[in-house]
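By convention in this document, chain letters (A, B, ...) are assigned in the order of the sequence lines, proteins followed by strands, and residues within each chain are numbered from 1. As the structure is a prediction and not an experimental result, all values here were calculated from the model.
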Number of protein chains: 4
Amino acid sequence: MSRSLPAEQRRNQLLDAARMVFARDGYHRAGVSDIIEQAGVARGTFYNYFDSKRAIFHEVLVVVVDDLAGSVQPIDVGGDILAQARANVRAVLTAALDPQVARLLLAEAVGVDEEGDEVLRAFYGDAVDRIQTALELGRRLGVVREGDLRVAARCVLGMVKENVFLGALMGQQVDPDAVVDEIYAFMTQGLLKL
Amino acid sequence: MSRSLPAEQRRNQLLDAARMVFARDGYHRAGVSDIIEQAGVARGTFYNYFDSKRAIFHEVLVVVVDDLAGSVQPIDVGGDILAQARANVRAVLTAALDPQVARLLLAEAVGVDEEGDEVLRAFYGDAVDRIQTALELGRRLGVVREGDLRVAARCVLGMVKENVFLGALMGQQVDPDAVVDEIYAFMTQGLLKL
Amino acid sequence: MSRSLPAEQRRNQLLDAARMVFARDGYHRAGVSDIIEQAGVARGTFYNYFDSKRAIFHEVLVVVVDDLAGSVQPIDVGGDILAQARANVRAVLTAALDPQVARLLLAEAVGVDEEGDEVLRAFYGDAVDRIQTALELGRRLGVVREGDLRVAARCVLGMVKENVFLGALMGQQVDPDAVVDEIYAFMTQGLLKL
Amino acid sequence: MSRSLPAEQRRNQLLDAARMVFARDGYHRAGVSDIIEQAGVARGTFYNYFDSKRAIFHEVLVVVVDDLAGSVQPIDVGGDILAQARANVRAVLTAALDPQVARLLLAEAVGVDEEGDEVLRAFYGDAVDRIQTALELGRRLGVVREGDLRVAARCVLGMVKENVFLGALMGQQVDPDAVVDEIYAFMTQGLLKL
DNA sequence: GATGAATGAGGTTTCATTCAT
DNA sequence: CATGAATGAAACCTCATTCAT
């Protein structure tokens, strides 16, 4: 029996437990029982703070997404743009390689419900938008070639995501620096020599 | 009441129904009830052909994965390698943009069970292997630059997957040809001018 | 696909299979599938000969009960009565120690349905009646002491049944001759010396 | 909707309901539905206290077996041994003549599953052991004749069981005292006069 | 605010039985 | 007469949610 706690603190306690459980077991395999056990809280208490299992999942997702989005720094045009882009890729990659984060963003969140899909859609849409904006900026600065920059932005996102995915979900070893280097090389030289 | 059918045909009828239902509702939301309703068959009939919901899902997954894997042609060194690579990317992309396929491969199959994860792991692992092999071939032929070809292979896979993902799952419009063109450009020139 | 057979023969084929399966697995664990598989006959064929699983069980039970009842010889007053009684006990005991028979009579048949209970009730009732009749005969001949001969008859039946039960169902080794000897001693001397 | 109850009490309520239902309908005909209806409790509540239908049956069986075993008093060598044996037989007989008890011990428990069989096997095995021990004691005291005391013990058990069986299951009227008297006479004098 | 026993709709699976071929 | 695919009622069990204490 937990002593009465400030509401905010109890919520966070539950959110932390839920994130861990969802990441470990996935949304469907995780039960409310697992979350409250992890949090050391009674069943009824859970429903004092969250309306449903879906609701807490949704909140967990928002937190994770916000954290990840927050790891990206806006690009300062005055500075070394490439270095900033590199730093951003590296930051995102490192944050996303946390297995908890990866699982939530890549696997469990899709298809749970409409709301969850919307969060993801917004997140990835936003990510593509940001990359595209950066590319357009680069285009104007003359450091980005011409082309369909929206698709290009998706490609960049895809390169990052896939390495996260294979690393965190498929159990392959992934070295963030190697990935950053390779993506950098890819972006500067492409892959093929004609 | 369905008439008696050759076993093979009934199995396929059920597999088709299941693929549609799983793609539409996801593994967890889909019930055996939905599958048999879709197939117009009694509950018992389902269990005459498949051991469980998981079992039919597994078979659906294998079929989809095999179809997709089968759409890739081995590269003939004698011919135009780039054209063949382009054709392969285009073929996979087109096949995967089918929303049923996309949903199964990208979302629903992850985390259902160990077996399903294994099918996916094998599939994506195999895909990376093939791309890497092709890149190594290109390297020996002198058409591929140096670098960490495994990570590069993941990047290529990621570019394809992300466009499928955003197109089929996130509801953004995706034009296969634009994607192929852009990936091609990406591979030949990179994205940045230094 | 079995060739067409004389009806009688097909019935017996099914009855034999059923007896074996019921004795091996028990009524509830045995499925119609097991019976037809054992008989090497199609599912529909089964229902050409028997109305239901219960019906065939009922017939099996009747056959077994009749066989066992038939192993008892009426006592010839002119001959050695004790010897005849001994022979009867021995015959019944030997027949009943067949595990198939034992299981059907002692365990599986009780509680399957009203009809089955009726068959058993009739069988055991008849057995008690016969023993009682024999005892009454003995009483008139002066070789049986006074007492409640109905209860005594039940006791005799119980002695036999228990040894069968422990032997066939509980897996204890039972030697028919030792049992006959002991029952004989029991009947002639009792167990206690006052 | 039942009010919340101490766990122990709810368990017992369910055990009682289950014993009644199993005795009335038999293991296979009884559904969890019948038990919860009898107990006036929701389906989920049942599974809060027992893992499965088999599990509760097993517990019911153990309780019944323990009760019956507990009705037997160890024999005090200092006292009137025969009287104590008589009292034991009478106690067991009376307890076992309860139709609920009889049905569970004689019919429904056999063949439900391995565990249940094991409980019965242990129970009857133990009963025979105890009787045999008592007989051996009597033998040393000189009040029991020579012979195969194990078989003799089975015979005694059989006499008791058969009268219970016929009384409770086969619907014949059974008077405990008449049975005790007759078994007593049987043990002291046997049945036959030579 | 915290508790946890109780709930019951809904899921998966079984298997005796039918009937068109 | 034999076949076996099809049937569907009914069984068992899960787990997100409620609510009286």
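If you measure from atom NE2 of B:H28 to atom P of E:dT12, you get 11 Å, rounded to the nearest angstrom. The separation between A:I35 atom CD1 and F:dC15 atom P is 13 Å, rounded to whole Å. For the pair C:K53 NZ and E:dT14 P, the computed distance is 15 Å after rounding to whole Å. Atom CZ in A:F50 sits roughly 12 Å away from atom P in E:dA2 (whole-Å rounding). The nearest whole Å value for the distance from the CD atom in D:E37 to the P atom in E:dT7 is 14 Å. Note: CD1 (C:I56) to C1' (E:dT17) measures 14 Å, nearest angstrom. Rounded to an integer number of Å, the gap from B:D51 CG to E:dC15 P is 13 Å. In this structure, D:L14 places its CG atom 12 Å from C1' of E:dA5, rounding to the nearest Å.
For the pair D:V32 and C:F46, both in contact range of DNA chain F, the more 5′-proximal nearest nucleotide belongs to C:F46.
In terms of the side-chain contact (heavy atoms from CB on, under 4.5 Å) criterion, residue partners of A:S52 (sequence neighbours excluded) are, by chain and number, A:R54, A:A55. Taking the side-chain contact (heavy atoms from CB on, under 4.5 Å) definition, one finds that A:E8 meets it with A:N12, sequence neighbours left out.
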Nucleotide-level pairing of DNA chain F, given in dot-bracket where Watson-Crick and G-U pairs need both distances under 3.5 Å and | marks other strands: .||||||||||||||||||||
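Proximity of C:Y49 to C:I56: side-chain heavy atoms (C-beta onward) are nowhere separated by under 4.5 Å. You'll find the side chain of B:T45 stays beyond 4.5 Å of the side chain of B:I36, heavy atoms only.
In this structure, A:K53 and A:A30 approach most closely via the heavy-atom pair NZ-O, 2.9 Å.
Contact annotation for A:G44: base contact, defined as any heavy-atom pair under 4.0 Å involving a base atom. Counting non-hydrogen atoms under 4.0 angstrom, A:Y49 reaches the backbone sugars and phosphates but no base.
With hydrogens and angles ignored, no donor-acceptor pair closer than 3.5 Å exists between the side chain of B:N48 and the base of F:dA5.
Of the candidate nucleotides E:dT7, F:dT17, E:dT17, E:dT17 has the atom nearest to the side chain of C:S52.
Using cut-offs of 30° and 60° for the angle between ring planes, the A:H28 and B:H28 rings count as parallel. Note on ring orientation: taking the six-membered ring where Trp is involved, the planes of A:Y27 and A:F22 are parallel (angle under 30°, cut-offs 30° and 60°).
Taking only side-chain nitrogens and oxygens, B:R43 never comes nearer than 4.0 Å to OP1 or OP2 of E:dT14. Between A:Y47 and the phosphate of F:dT18, there is no side-chain N or O to OP1/OP2 separation shorter than 4.0 Å. Contact annotation: B:T45 side-chain N/O to F:dT7 OP1/OP2 distance is under 4.0 Å.
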